[in-house]
Amino acid sequence: MVTNTINNIASPTSAWKFKDTIWSMGVYGATVGAGVLFLPVEIAMRGPLVYLLLIILSLPLSMIPHMLICRVFMREEGPKDKSLPLFNSFFDHKGKKAIKVFYCFSNFPVTLVYGISLVNAINSYVITHLHLPGINRAVLSFIVVAILFLLLSRGRDKVVGMMSVLVLPFAVTVTLIAAFQIPQWNLANVMPAIHGVGQQPVGNSLKNIWLTIPLITFAFCSVPLMSPLASFYREAGHGGEKKSVRVIKVAYISIYASIIFFVTSCLLSIPHNVFALAKSQNLNVLSVLQKDNSNIVLFYIAPFIAIIGMTKSFLGICLSVAETFARMVSDALGEKEDTPHKKGKRIAWLIMFSISYAVVYINPDVIELIEKFCGPLQAIFLFLIPVYLIYNRSALKSLRGIRPVVVLIGGILTVSALFYSLF
């Protein structure tokens, strides 16, 4: 039962191991990606109060919900098959299916965002940096999506390992970009916005603060990796619940420090009118860096940084979605639990590949996709469902307290703000 499961997983190996570092870096890699590259633009356009909100609330609004959902996953009964923990033991048969469908439905669109952004970044680099004609979008989309799914097919351990390899150059380079911009820091770039705070109606300021919470939630979200992480730390000898929570803490402190430094450096070094241009053209911050004698290196490496960030974010988000969807298709086909599920996996991956290719080729507006579709669904899964279970399942009674209340408030604000943007 659940109690026995907790006892089995609650004997942590206290020593920090190399595998713990790999998982911590994997969480970092799944979080710090394309969404973060849009963050400086959005913060610059919404003003200093929103920046203060980012500093004060981003760590608790990201770390606490991820720790909580991981604890819930860890306290599930061990699945009879090899499926990932997704609240399965807390729902009946129909509820389990509904949760799996909702999980895939809420997270798969995020992978589409990264796929679209990746193809756009590659094509932009070819045109603006290499001064060559743009690549046929149908061909480029097929190649990019095929490579992403080929990398994904290597399995959970290798994908997490690849993300860890990618995260090092990405983390170092993002930090270096922020550091390289320090000589260009100028308070004059932010003073107009600071002076404008007092002139802006209170209602508009509060509205900007409210509507920024979903942006922070999305930029700091790594919920699809929580299920594979919990699955790993449930296994004997891997450290259990305490170690999994510790890994998340280490990851999110690193994420917070990196993002705050990156955003701050961008705000102080880039004039406000450049952010306005980026906003109007739906560009991320690395795309607005101009070529001049002071930042010629950044001009050439920035597109590669964006490409690395979007690739690792795609892998991190799509990993658990692909595994869960393949398991669902195998169950629908009636494949037995002790079979390799090759037919179900092939069909599931063909469906995901086809949808990914079609959407990436069509090239819809990624910001609109994030704000009006991805955000609400992710917030429901990350904030609201775990809190509902904690207060409605006796097996999770020990998790009740101030943290679920904080998560509930954050979830309500996030979902309400995002649904407000729909109307």
Side-chain angles (χ1 to χ4, degrees), residues 32 34-62 128 171 173-220 253 255-303 305-306 309 367 370-371 413 417 420-421:
V32 183
V36 173
L37 300 182
F38 282 99
L39 195 56
V41 178
E42 297 298 324
I43 295 296
M45 296 306 298
R46 298 184 184 186
L49 294 180
V50 171
Y51 173 71
L52 292 177
L53 185 74
L54 175 72
I55 293 177
I56 297 170
L57 293 184
S58 57
L59 186 59
L61 275 182
S62 57
T128 61
T173 309
V174 165
T175 303
L176 287 175
I177 288 176
F180 283 153
Q181 293 183 114
I182 291 177
Q184 280 75 48
W185 284 11
N186 190 343
L187 287 176
N189 290 328
V190 297
M191 290 308 296
I194 293 175
H195 291 319
V197 172
Q199 302 173 0
Q200 190 176 38
V202 176
N204 287 348
S205 298
L206 294 176
K207 178 181 174 182
N208 280 335
I209 292 174
W210 176 38
L211 296 180
T212 301
I213 295 176
L215 176 66
I216 295 173
T217 300
F218 181 83
F220 285 78
I253 289 173
I255 290 165
Y256 175 79
S258 298
I259 292 179
I260 294 299
F261 180 46
F262 178 69
V263 171
T264 301
S265 187
C266 290
L267 293 177
L268 289 174
S269 61
I270 300 176
H272 187 268
N273 65 305
V274 177
F275 285 119
L277 177 64
K279 177 68 175 177
S280 66
Q281 297 183 2
N282 196 29
L283 297 173
N284 65 67
V285 69
L286 298 186
S287 299
V288 299
L289 295 179
Q290 302 295 318
K291 182 180 180 182
D292 57 43
N293 293 331
S294 63
N295 67 357
I296 191 169
V297 175
L298 294 183
F299 175 77
Y300 284 106
I301 69 170
I305 306 311
I367 296 299
I370 290 171
E371 292 181 347
L413 289 174
Y420 173 87
S421 67

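Keep in mind the model is a prediction, meaning the values are calculated, not measured.
A 4.5 Å side-chain heavy-atom check between Ile255 and Val36 finds every atom pair outside the cut-off. Using a 4.5 Å heavy-atom threshold, the side chains of Leu61 and Ile213 count as touching. A 4.5 Å side-chain heavy-atom check between Val285 and Phe38 finds every atom pair outside the cut-off.
With sequence neighbours excluded, the residues forming a side chain to side chain donor-acceptor pair (under 3.5 Å) with Tyr51 are Thr264, listed by chain and number. For Ser62, the side chain to side chain contact (heavy atoms under 4.5 Å, CB included) partners are Phe220, Tyr252, not counting sequence neighbours. Contacts of Ser58 classified as side chain to side chain donor-acceptor pair (under 3.5 Å), with partners at least two apart in sequence or in another chain: none.
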Would you list the atom pairs, donor with acceptor, under 3.5 Å between side chains in residues 268-278 and any protein atom, with sequence neighbours excluded?
from	atom 1	to	atom 2	distance (Å)
Ser269	OG	Gln181	OE1	3.2
Ser269	OG	Ser265	O	2.7
His272	NE2	Ala44	O	3.4

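Remark: Leu57 CG to Thr217 OG1 distance equals 9.5 Å, nearest 0.5 Å. The structure places CD1 of Ile260 at 9.0 Å from CG of Leu59, a figure rounded to the nearest 0.5 Å. To the nearest 0.5 Å, the span separating CG on Leu39 from CD1 on Ile43 amounts to 5.0 Å. Annotation: the span from Leu54 atom CG to Arg46 atom CZ amounts to 11.5 Å, rounded to 0.5 Å. Annotation: the span from Ile259 atom CD1 to Ile55 atom CD1 amounts to 12.5 Å, rounded to 0.5 Å.
Of all non-hydrogen atoms in Pro183 and Ala179, the two that sit nearest each other are CD-O, 3.8 Å. Across every non-hydrogen atom of Leu267 and Asn189, the tightest pair is O-CB, 3.8 Å.
Listed for the Tyr256 side chain is no donor-acceptor partner under 3.5 Å among the backbone atoms of Pro60.
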